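Worksheet: the structure to be examined is printed underneath.
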Amino acid sequence: MGPVIAVEGLSVQFPTGFRKPPFQAVDGLDLEVAAGEIIGVLGPNGSGKTTLLRVLSGLLRPTSGAAHILGLDPCDRSLVTRVGYQPEGQLPLTNLSAAQFLAYLCDLMRLPPATARPASQQWLARLGLQDTGRKAIHHFSTGMRRRLALAAALVADPEVLLLDEPTSGLDPEGSLLVMEILRERSAGGCAVLLASHHLQEVEQMCDRVYLLQAGRVARSGSLDQLLGTGDTRLVLRGLDASGLAEVVAAAERAGGEVLSQSAEREHLFALFRAQERRSDAD
Amino acid sequence: MVAPVIATWLIGVVLVATTPVNQRLGADRSAGYWLHVPELLLVVAALAAMLDAWPPLSRARAGSDWLLRIRPGPLHASGWAAGGGLAALGLCLLASGVAFFVTEKAFGIDSGPVRRRVAFTALAARPYLAGSQTELHFATGARQPLADLELRPVEVFHPDVRTEEGTAQIRVLADGTPVHPGWLKCGSGSVELRLEPPRRVRTLAVQRRDRTGPALRLTADAVIGLDGEAHSGLANCLLAALSYLSLGLLAAGALLLGQKHLVLPVNLALGLMAVVLAAMLDVAPTNAAVAAFARGRWVLGEGVLLPAARMVAYGAALAGVGWLLGRSATARRRGNAQ
């Protein structure tokens, strides 16, 4: 089975003005995503992440090269429901409520109301927006807006997800929820391509990453390939100083080298979760 | 969207309501100018709301990618956009017409049945009843039967023109037949004459009895006929509103032209200023339409339709240019942002 997303030699130029050289946003980029994969696209601002997603969502035509999603041109009309796209930035029509916004998008996508309505309700509930009622989107917090944006990308049950900064503006709990949903979708065979600045989340979630620099792929591969050092990390518990010294001596006798030794600690996120659980219990 | 529009209109209504009655119904008992206030505010508010809430017209706004992806292309779904636009304009027109109707009823400026005006043109180069010129002739090409005639002469006091004591006396003949028995006393102001039975009139003759009162001048629109058919008051409200809508559309076009380069408050302020100036300079036929409406004339018979259509065309052209410029400006900006 071929890749769900296939990009070959993709280049995108933007005009910058009369008699000025065009801006090269993406330059000869190759990329492949298989069904069920979560792929992260990383890079500094202006490296071409959003342009890549806009080409794949059919919003931009490449200057040269080719891009295919599910074997079709990204501008193919049938992909509107088969590909879920969450653009960066704000939502439109912020005078609508969350349910009205989803209903409007479903209507534009010509989804049958019999499936669109339950799907909207399901995703609103899953993303914690079921109680927003008639509250207009412009009264939502940033996190609520991002969660609604994800619901809008998911409402048509797409086979491919293109997400631009999906966890931007979310609290740790919201980020965790988004990661959980993306893993579920991936397990169900959905291909996910996400652009993000949140390196830790990309590291936790993605099977492979593409690191972009000035519109080109600087590095790509699985996280093990990119980050693996060949060193082994050993975490010990219940040893005093003399016991620890013995372990270090044993390692050196066996030909190894102890590179670092420090007290282990939890991530800040675990502390945050524990505090939230405590608040819920109270 | 609806609430701010209604609130703005209510502000206009309150403005009119709190104005003393003698100011509202000035010396000539014409309340027409005060009708401008709520209508102006209503149309501006409705158009601002339309600009804010109608995505196809504002493709560069925040979040437009969501909609562009589903309805892409420069002309794709323009049918939908046009349909939405027409629906929005229809709503503005309806709201505007209802506002006229309510304002008219609320402030007692109901001027009776709505009737079409037929203008008579003076055949003389100088339409004076003075000195040896004791008779003036007027003609019309209108074919409908007339039920009433209305004369609005102006008394002329000039050192070169002989002035007699007392009030001028006149006689009106329609197609050579006297409309009334004897002579009528007539100064500055209006004279209304009933034609019994209503009939088609081609020519009118106005005679001044020699040596009576000051000279009279019958300027353009000083001699008119009114047809016998009563037209719908609500339809007249909608037609009067149409003139304002055309002005509003011109402003909407200007707003669209500026929306890529100006922040919304500045753009709206400039748009509002353009509307007020256009109304003051009589660029759009608002004054003629509102004046006719306030006098109970059928607005369609006032020649406002063509200027209104012209305003709509200008507005649509401006909107089209603004839309196209906006698209290319957006593409450039997005390109630079990458």
Side-chain angles (χ1 to χ4, degrees), chain A residues 12-17 20 22-26 45-61 63 74-75 77 79-81 83-96 101 104-111 137-138 145 149 152-153 156 162 164 214-215, chain B residues 1-7 45-84 87-88 91 259-261 263-264 324-338:
Chain A
V12 180
Q13 291 181 340
F14 291 110
T16 52
K20 287 182 183 171
F23 176 76
Q24 189 81 39
V26 175
N45 290 334
S47 60
K49 303 185 297 293
T50 298
T51 304
L52 171 67
L53 290 186
R54 295 192 83 234
V55 169
L56 292 173
S57 65
L59 283 165
L60 266 182
R61 286 277 187 193
T63 312
C75 294
R77 301 294 306 138
L79 291 180
V80 165
T81 52
V83 177
Y85 174 49
Q86 181 191 351
E88 193 186 10
Q90 296 178 35
L91 290 169
L93 308 170
T94 51
N95 53 328
L96 301 182
F101 177 68
Y104 180 62
L105 287 188
C106 289
D107 192 38
L108 286 181
M109 288 190 281
R110 307 217 191 291
L111 290 181
I137 297 170
H138 57 78
R145 289 179 198 217
L162 306 172
D164 203 348
Chain B
M1 173 183 171
V2 175
V5 174
I6 293 176
L47 285 161
M50 190 179 86
L51 282 176
D52 181 53
W54 192 29
L57 273 179
S58 51
R59 288 169 164 252
R61 290 214 335 247
S64 59
D65 273 1
W66 285 96
L67 305 167
L68 284 175
R69 183 172 172 258
I70 302 171
R71 298 269 178 247
L75 294 176
H76 189 93
S78 57
W80 181 85
L91 279 175
Q259 73 163 349
K260 293 290 169 292
H261 312 288
V263 294
L264 190 63
L324 290 172
L325 285 179
R327 287 181 61 77
S328 58
T330 306
R332 271 202 302 279
R333 197 164 55 230
R334 283 191 177 139
N336 293 337
Q338 300 310 308

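Only this structure's heavy atoms are used, side chains among them; waters, hydrogens and symmetry mates stay out. Not measured: the values here are computed from a predicted model. All chains are named by letter (A, B, ...) in the order of the sequence lines, taking the proteins before the strands, and each is independently numbered beginning at 1.
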Report task. Please report the closest heavy-atom contact between A:Ala149 and B:Trp66, naming both atoms and the distance. Result -> O-CH2, 3.2 Å

Report task. Under the side-chain contact (heavy atoms from CB on, under 4.5 Å) rule, collect the residues that match up with A:Gln13, sequence neighbours excluded. Result -> A:Pro22, A:Gln24, A:Thr63

Query - For the student: nearest non-hydrogen atoms of A:Val83 and B:Arg69, plus distance - result: O-NH2, 2.7 Å

Query raised in the report: A:Pro87, A:Gly215, A:Gly89: which one forms the most heavy-atom pairs within less than 4.5 Å of chain B?
Result: A:Pro87

